[in-house]
Q: 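Quick one: the structure is below, questions incoming.
Letters A, B, ... mirror the listed sequences (proteins, then strands); counts begin at 1.
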Amino acid sequence: MIALVDCNNFFCSCERVFNPALQGKPIVVLSNNDGCIISRSEEAKALGIPMGAPLHEQQEVIRKHDVQVFSSNYTLYGDMSARVMSILREEVTTIEVYSIDEAFLKLTGNFDEEMARALRAKILQWTGIPVCIGIGSTKLLAKIANRHAKKNKTLTGGVFDLASYWDPEGILADTPTDGLWGVGKNLAQRLKGMDITTALGFQQADPAAIRTSMGVVGERMLRELNGISCLELEEVPPDRKGVMASRSFGSPVETLEELEEALANHVARASEKIRRYGLLATRLEVFIKTNRFRKDDPQYSRGIAITLDRPTNGTAELMAVARELLQRIYRPGYRYKKTGVQLVHLVDEDAYQPGLFDAPKANRIDLDKIIDEINRRLGDPKNPVITRASQGTQRSGSGGKGWQMKAERHSPHYTTDWNQLPEAKNSVI
DNA sequence: TCTGGGGTCCTAGGACCC
DNA sequence: TCTGGGGTCCTAGGACCC
């Protein structure tokens, strides 16, 4: 059995913990740029404020009903999350922290609905955060149970065990496919085309038909609905594939200088993040885009990536590369809305051995060359603008967990010569 | 006028390699 | 007219998640 513990209106609940006067009042929490509403209290939901709604579209309701509006405070939410998770860890040995406000628990034989109710009360008492708990024989069924618990809180008291319920099919029949975990707008539409609109219909569908129209993803969900576990509990989160830092501009930006300034911030944040994780990046990507909501504006969206000749997490050298990349894709005459950077092909700093780094010969950016170039242009030789980042721990001998990158084949996208970087394609739509 | 950020996985076509 | 097969890596975009 699997339990899904999900915090209710998590960000709003966190704000209330530190301001109990907000109890019972409609409140919302905003996205990063204060652009969208990403968390709503029950009272705010009752006013018809939709999830993800742009703030400016809701100003009327907010004013009329005196809805309290908060900018997001991720430090606070992360801290509250850690408190909730630590309580869960005391309860069971196997737990997957799925997101900031959700965790799957692997239940041992004696864990029943009553224990779940006690756990829920304990979390509320110790942290002030209300949660709902759903129990099922697979992750997907636990998700469905959780949804039912949340939708019928007065009836369920926030806890629902689908596995021991007398009429599980009734619950599935009550769950629309577009409320299913893993089914978005598109897959819901595809299912509708097969006359499937509820989880029950999905559960009883022909496996071959599901396989054909939805591929392995659909088949996995079908099995999970039938109590055959296909999604394992991941106790240890898999290695991170990449780190991104991006922001939208409050008002459109047109000059290269403004984009560079923003990008410098993003590179600083991204590199700081990988240093904290003890990682090095071997590849860097920069992108810029115009405002897709302004249909009348000419649109431009482009990204460019480059493989580095050695892994690094040094802010200055990554910034130098990012700036060069930005110049390659920047086109004047557009109103830019967003820019960002991605550090990918991450390597564990401790496992990295320079001798083992089999970087491509022709298709790479020579970091030192760039650094020298920039220092020559901007700096005084005794006092370089940019210095090389440390290269991690040099290991002796061949023992230990060596990291080896597969040699890359020649590709026209990569060159050591900046002047030979590919011209931006005409992306005007 | 204003409409988030950070992820994963998948697909498809082109370039390239052997 | 017909014109390999199998693989990787690239870019770009879609779909989904919270």
Q: Report the nucleotide, chosen from dC10(C), dC2(B), dG4(B), that has the shortest atom-to-atom distance to any side-chain atom of P252(A).
A: dC2(B)
Q: Rounded to whole angstroms, how far apart are CG on N33(A) and P on dC2(B)?
A: 12 Å
Q: Using the C1' atom as the point on both nucleotides, what is the distance between dG4(C) and dC16(B), in whole Å?
A: 15 Å
Q: Only Watson-Crick and G-U wobble pairs, only distances under 3.5 Å, only runs of 3 or more: what stems does that leave for DNA chain B?
A: B:5-18 with C:5-18
Q: Assuming nearest nucleotide by heavy-atom distance, tell me which of K241(A) and K338(A) is located more 5' along DNA chain B.
A: K338(A)
Q: Go through the side-chain N and O atoms of T307(A) and R283(A) and say whether any donor and acceptor fall under 3.5 Å apart.
A: yes
Q: Look at R331(A) together with E254(A) and state whether they make a salt bridge at an N to O cut-off of under 4.0 Å.
A: no
Q: Output the rounded distance in Å from NZ (K139(A)) to P (dC16(C)).
A: 19 Å
Q: Distance check needed: dG6(B) P versus K289(A) NZ, whole Å only.
A: 12 Å
Q: State plainly whether the residues R220(A) and E224(A) are in salt-bridge range, i.e. N to O under 4.0 Å.
A: no
Q: Taking R16(A) first and then E43(A), would you say they form a salt bridge - that is, a charged N and a carboxylate O separated by under 4.0 Å?
A: yes
Q: Atom CD1 of I304(A) and atom P of dC10(C): how far apart are they, to the nearest Å?
A: 13 Å
Q: Please compare P238(A) and R294(A) by the position of their nearest nucleotide in DNA chain B and report the one closer to 5'.
A: R294(A)
Q: Round to a whole Å and report the spacing from CG of N186(A) to P of dT11(B).
A: 14 Å
Q: Given dG6(B), is OP1 or OP2 found less than 4.0 Å from the side-chain N or O atoms of R269(A)?
A: yes
Q: Over how many whole Å does the gap from D34(A) atom CG to dC2(B) atom C1' extend?
A: 11 Å
Q: In terms of side-chain geometry, is the basic nitrogen of K153(A) or E42(A) positioned less than 4.0 Å from the acidic oxygen of its partner?
A: yes
Q: Under 4.0 Å between a Lys/Arg side-chain N and an Asp/Glu carboxylate O for D6(A) and K150(A)?
A: yes
Q: Separation of Y74(A) atom OH from dG7(B) atom C1', in whole Å?
A: 13 Å
Q: Checking the side chain of Q203(A) only, and the main-chain atoms of L225(A) only, is there a donor and an acceptor separated by less than 3.5 Å?
A: yes
